[in-house]
K.L.:
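What follows is a single structure, and I will ask about it in a moment.
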Amino acid sequence: GAAAPTETTFALDGVKYISTSIGRGDDARTYGQMKYSISKDARVLLRFESLSANQTRILSTQPILIRVFAPDTTEQTNAVANLKACPIVADWMMAATWSSAHPYRGGSWPEGSPISHNECVDAFAPAAATGDCAIANAVCYDVSAWYKGYVIESGRNFGHALVADSTTVVIQGDGSFSKGPRIQWSE
């Protein structure tokens with residue numbers, strides 16, 4: 001018989017914190033931090049650069065997930081209720097800020113990054129989580145529809161923005177080696 005699907009997990013290689021209070025794209029507070037506070041004035045941009053339509057090992061029958069970690073169960077509940085993962089619809093660099101995708105001419109973008117609001121996905125409720133999404137304080141987003149529509153059909157991988165419009169949500173950052181943002185799929 002066929003081998004059982006194997007879940008593979010990768011650290012996201014594009015993790016960028018943008019905020020109205022940080023004007024410089026090279027500010028050390030925008031990457032490599034242990035925690036990020038996401039609010040109506042601050043987002044975390046996430047991208048796995050090598051995710052492409054050529055990932056033939058990805059099983060189309062299994063979800064593609066983004067996984068972040070909250071620092072505790074209270075923040076996990078807060079994230080599930082208030083934090084969305086929204087597709088970014090323009091290219092950006094690690095020098096991005098709240099008002100620009102990159103520092104070069106023509107690099108400005110709508111404040112907070114242009115996202116597709118109608119394609120945002122909610123987090124799994126912890127009770128519905130299985131596998132790696134059931135790890136303590138994990139928060140997962142099923143981004144399979146984005147992968148099919150953006151990466152496969154249009155060849156665009158601009159990643160996602162974690163957005164919290166009404167309540168501040170704290171997540172573990174990319175400076176937290178074992179709890180930094182991840183992408184996972186089954187092969």
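Note that these values count all heavy atoms, side chains included, but never hydrogens, waters or copies made by symmetry. Treat the numbers as computed from the prediction; the structure is a model and nothing was measured.
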K.L.:
Checking Leu51 against Tyr147 for the side chain to side chain contact (heavy atoms under 4.5 Å, CB included) test, could you report, in this order, the C-alpha distance in whole Å, the side-chain angles of both residues, the deciding distance, and whether it holds?
P.N.:
CA-CA 9 Å; Leu51 184 62; Tyr147 177 70; 3.7 Å; yes
K.L.:
Same cluster or not: are Ile64 and Leu12 linked, directly or through other Ile, Leu, Val, Met, Phe, Trp or Tyr residues, by side-chain heavy atoms under 4.5 angstrom apart?
P.N.:
yes
K.L.:
Can you check whether Ile66 reaches Pro181 side chain to side chain, under 4.5 Å on heavy atoms?
P.N.:
no
K.L.:
Under the ring-ring contact (aromatic ring centres under 6.0 Å, His included) definition, can you give me all pairs with a residue in residues 9-36, not counting sequence neighbours?
P.N.:
Phe10-Phe48, Phe10-Trp185, Tyr17-Tyr36
K.L.:
After noting the C-alpha distance and the side-chain angles of Thr9 and Asp132, does the key distance pass the side chain to side chain contact (heavy atoms under 4.5 Å, CB included) rule?
P.N.:
CA-CA 9 Å; Thr9 305; Asp132 284 351; 3.5 Å; yes
K.L.:
So how far is it from Gln172 CD to Phe177 CZ, rounded to the nearest 0.5 Å?
P.N.:
14.0 Å
K.L.:
With rounding to the nearest 0.5 angstrom, report the CG to CD distance, Asp142 to Gln62.
P.N.:
10.5 Å
K.L.:
Which atom pair, heavy atoms only, marks the closest approach of Arg182 to Ala11?
P.N.:
NH1-CB, 3.6 Å
K.L.:
Where is the tightest heavy-atom contact between Arg29 and Gln33, given as atom of each residue plus distance?
P.N.:
O-CG, 3.4 Å
K.L.:
Please evaluate residues Asp174 and Ser176 with respect to the criterion side-chain hydrogen bond (donor to acceptor under 3.5 Å, both in side chains), reporting the C-alpha separation (whole Å), side-chain torsions for both, the decisive distance (0.1 Å), and the verdict.
P.N.:
CA-CA 5 Å; Asp174 48 325; Ser176 173; over 6 Å; no
K.L.:
Under a single-linkage definition using a 4.5 Å side-chain heavy-atom cutoff for Ile, Leu, Val, Met, Phe, Trp and Tyr, are Phe124 and Val121 assigned to the same hydrophobic cluster?
P.N.:
no
K.L.:
Rounded to the nearest 0.5 Å, how far does CD of Glu119 lie from CD1 of Ile88?
P.N.:
12.5 Å
K.L.:
What's the spacing between Ile38 CD1 and Thr167 OG1 if we round to 0.5 Å?
P.N.:
12.5 Å
K.L.:
Is there a chain of hydrophobic side chains (I, L, V, M, F, W, Y, each step under 4.5 Å between heavy atoms) that links Phe158 to Ile115?
P.N.:
yes
K.L.:
Between the side chain of Lys35 and the main-chain N/O of Ala70, is any donor-acceptor distance below 3.5 Å?
P.N.:
no
K.L.:
Determine, stepwise, if the pair Leu65 / Tyr141 fulfils side chain to side chain contact (heavy atoms under 4.5 Å, CB included).
P.N.:
CA-CA 5 Å; Leu65 304 171; Tyr141 300 88; over 6 Å; no
K.L.:
Evaluate the criterion side chain to side chain contact (heavy atoms under 4.5 Å, CB included) for residue pair Arg24 and Thr97; output intermediate values, then yes/no.
P.N.:
CA-CA 7 Å; Arg24 292 182 52 98; Thr97 65; 5.8 Å; no
K.L.:
What verdict does the side-chain hydrogen bond (donor to acceptor under 3.5 Å, both in side chains) test give for Asp41 and Ser39, after you've listed the backbone C-alpha separation in whole Å, the side-chain angles of each residue and the deciding distance to 0.1 Å?
P.N.:
CA-CA 5 Å; Asp41 298 320; Ser39 67; 5.0 Å; no
K.L.:
Provide the closest heavy-atom pair for Ile135 versus Arg67 in the form atom of the first, atom of the second, distance.
P.N.:
CD1-NH1, 4.2 Å
K.L.:
Is there side-chain contact between Arg43 and Ser113, with at least one heavy-atom pair below 4.5 Å?
P.N.:
yes
K.L.:
So how far is it from Asp27 CG to Ile18 CD1, rounded to the nearest 0.5 Å?
P.N.:
13.0 Å
K.L.:
Please step through salt bridge (Lys or Arg N to Asp or Glu O under 4.0 Å) for the pair Asp122 and Lys84, ending with a clear verdict.
P.N.:
CA-CA 5 Å; Asp122 294 320; Lys84 297 181 181 310; 2.4 Å; yes
K.L.:
Using modelled atom types only, decide if a donor and an acceptor are shared between the side chain of Thr30 and the backbone of Asp26 within a distance under 3.5 Å.
P.N.:
no
K.L.:
Testing the basics here: between Leu83 and Ile171, what is the closest heavy-atom pair and its distance to 0.1 Å?
P.N.:
CD2-CG2, 3.9 Å
K.L.:
Using a 3.5 Å distance criterion without hydrogens, assess whether the side chain of Asn137 forms a donor-acceptor pair with backbone atoms of Phe69.
P.N.:
no
K.L.:
Please answer: with hydrophobic residues joined when any side-chain heavy atoms are less than 4.5 Å apart, are Val44 and Val80 in the same cluster?
P.N.:
yes
K.L.:
Taking all heavy atoms of Trp98 and all of Ser19, pick out the closest pair and write down the distance.
P.N.:
CB-O, 3.6 Å
K.L.:
State, to 0.1 Å, how close Val89 and Tyr150 come at their nearest heavy-atom pair, and which atoms those are.
P.N.:
CG1-OH, 3.6 Å
K.L.:
Given Asp91, which partner from the list Arg156, His102, Arg47 fulfils the side-chain hydrogen bond (donor to acceptor under 3.5 Å, both in side chains) test?
P.N.:
Arg47
K.L.:
What is the distance from atom OG of Ser186 to atom CD1 of Ile58, rounded to the nearest 0.5 Å?
P.N.:
9.5 Å
K.L.:
Less than 6.0 angstrom separating the ring centers of Trp146 and His160, yes or no?
P.N.:
yes
K.L.:
So do Ser166 and Asn82 actually touch side chain to side chain, heavy atoms under 4.5 Å?
P.N.:
yes
